[in-house]
Amino acid sequence: MAGTTSRLEADFFKRDVLEVAPDLLGKLLVRRLDDGRMVFARITEVEAYRGTEDLACHASRGLTPRTEVMFGPGGYLYVYLIYGMYWMLNFVTGEKDIPQAVLIRGTDAVNGPGRLTRYFDIGGDFYGECLWNSQRLWLEDLRQQVRIETGPRIGVEYAGEYWASRPWRFLASPDA
DNA sequence: TCAGTGATTAGG
DNA sequence: CTAATCACTGAG
């Protein structure tokens, strides 16, 4: 029914990252702050990182303390610090032992992965958080149709031309 | 165009 | 232990 929403559950995330990533566009990211205030935004831009063979994916260098959560089942948060300043928000997807994640790059409220975590007050303490039963961060399906564009991922030239050119960046088109 | 910033990782 | 690297941002 129009106007209804529902929280995204485990099954949504336990699919291949190339299915989950575009499906995240238009979904509502919901954050309940410690003081009870709520922060919302619709997801408008994401990137897929897919398995040990993907040289742009942190898991391509094996299981380490940082990448451990990616080797578990989908539905959990992979959060890490970059350039000593910015927390990156990722959702783990797929099956256990097949490391995949979606980087949340932009929303209709704030763009840029580092600015987004600041806006939502998300830091390293969210590493490993479960998205389907968290009381402080979750996703809701607004059941809105979204037009999708694709392009190469940002800032992964180091992975070589093949992986840097995969069209695994997904954006919600402005007109739809 | 480029510095800031510090965790993470591989390598002695 | 050291040192390079980094899925970024904002100032100029």
Side-chain angles (χ1 to χ4, degrees), chain A residues 8 12-27 29 31 39 41-131 137 139 146 148-173:
Chain A
L8 298 187
F12 177 89
F13 302 99
K14 294 183 177 181
R15 297 177 292 148
D16 189 276
V17 70
L18 295 180
E19 293 183 36
V20 177
D23 278 1
L24 282 168
L25 298 176
K27 298 296 186 287
L29 184 61
R31 168 85 164 96
V39 183
R42 282 194 301 265
I43 295 172
T44 57
E45 181 179 356
V46 301
E47 284 175 356
Y49 290 84
R50 188 168 185 265
T52 53
E53 71 274 21
D54 175 5
L55 297 182
C57 180
H58 291 163
S60 66
R61 297 209 284 276
L63 196 158
T64 66
R66 184 177 65 157
T67 62
E68 184 176 16
V69 72
M70 268 199 280
F71 286 81
Y76 295 81
L77 294 191
Y78 170 43
V79 176
Y80 68 91
L81 187 68
I82 189 87
Y83 297 113
M85 280 184 251
Y86 306 106
W87 293 100
M88 301 288 103
L89 174 64
N90 298 254
F91 304 152
V92 175
T93 70
E95 307 172 38
K96 183 179 185 301
D97 297 327
I98 300 182
Q100 307 182 332
V102 180
L103 170 67
I104 310 305
R105 245 187 193 288
T107 67
D108 57 2
V110 59
N111 291 307
R115 300 177 64 198
L116 183 148
T117 51
R118 217 171 38 186
Y119 182 78
F120 279 88
D121 193 25
I122 292 168
D125 57 317
F126 278 79
Y127 182 95
E129 185 97 352
C130 179
L131 272 171
L137 190 72
L139 287 160
V146 177
I148 296 170
E149 292 174 14
T150 64
R153 295 173 292 182
I154 305 296
V156 296
E157 307 306 317
Y158 64 86
E161 188 187 341
Y162 178 79
W163 294 106
S165 64
R166 293 310 87 203
W168 291 353
R169 177 179 178 222
F170 302 89
L171 303 96
S173 300

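Letters A, B, ... are given to chains in the order of the sequence lines, protein chains preceding strands, and every chain is numbered from 1.
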Spacing of [X] atom [atom1] relative to [N] atom [atom2], expressed in whole Å:
{"X": "A:N111", "N": "C:dT9", "atom1": "CG", "atom2": "P", "answer": "9 Å"}
{"X": "A:E68", "N": "B:dT8", "atom1": "CD", "atom2": "P", "answer": "12 Å"}
{"X": "A:W168", "N": "C:dA7", "atom1": "CH2", "atom2": "C1'", "answer": "14 Å"}
{"X": "A:H58", "N": "B:dT9", "atom1": "NE2", "atom2": "P", "answer": "9 Å"}
{"X": "A:Y83", "N": "B:dA7", "atom1": "OH", "atom2": "P", "answer": "16 Å"}
{"X": "A:I122", "N": "C:dA7", "atom1": "CD1", "atom2": "P", "answer": "19 Å"}
{"X": "A:E47", "N": "C:dC8", "atom1": "CD", "atom2": "P", "answer": "7 Å"}
{"X": "A:F91", "N": "C:dA7", "atom1": "CZ", "atom2": "P", "answer": "19 Å"}

Note to self: Using every non-hydrogen atom in the two residues, find where A:D54 and A:W168 come nearest and quote the distance to one decimal.
What the structure shows: OD2-CZ3, 3.7 Å
Would you indicate which nucleotide in [options] comes nearest to any side-chain atom of [X]?
{"X": "A:M85", "options": "B:dG4, B:dA10, C:dA7", "value": "B:dG4"}
{"X": "A:Y158", "options": "C:dC6, C:dC8, C:dG10", "value": "C:dC6"}
{"X": "A:P65", "options": "C:dT9, C:dC8, B:dT9", "value": "B:dT9"}
{"X": "A:L81", "options": "C:dC8, B:dA7, B:dA10", "value": "B:dA7"}
{"X": "A:P113", "options": "C:dA7, C:dT9, C:dC6", "value": "C:dT9"}

Next item on the list: Indicate, with a heavy-atom threshold strictly under 4.0 Å, whether A:R66 touches base, sugar-phosphate, or nothing.
Entry: sugar-phosphate
Margin query: Would A:Y49 count as stacking on C:dA7 if stacking means ring centres less than 5.5 angstrom apart and planes tilted under 30 degrees?
Written below: yes
Next item on the list: Check whether any side-chain heavy atom of A:Y49 lies under 4.5 Å from a side-chain heavy atom of A:M70, and answer yes or no.
Entry: no
Next item on the list: Determine whether A:D121 and A:V39 make a side-chain contact, defined as any pair of heavy atoms from C-beta on separated by less than 4.5 Å.
Entry: no
Check: In terms of side-chain geometry, is the basic nitrogen of A:R153 or A:E47 positioned less than 4.0 Å from the acidic oxygen of its partner?
Finding: no
Notebook entry, point to check: Is any side-chain N of the basic residue among A:R15 and A:D23 closer than 4.0 Å to the acidic one's carboxylate O?
Noted result: yes
Note to self: Tell me whether the side-chain N/O atoms of A:R169 come closer than 4.0 Å to OP1 or OP2 in C:dA7.
What the structure shows: no
Note to self: So, does A:R118 get its side chain near the phosphate of C:dT9, meaning an N or O under 4.0 Å from OP1 or OP2?
What the structure shows: no
Check: Is there a Watson-Crick or G-U wobble partner for B:dT5 with both distances under 3.5 Å, and which nucleotide is it?
Finding: none
Next item on the list: Can you tell me the pairing partner of C:dA7 across any strand shown, Watson-Crick or G-U wobble, with both distances under 3.5 angstrom?
Entry: none
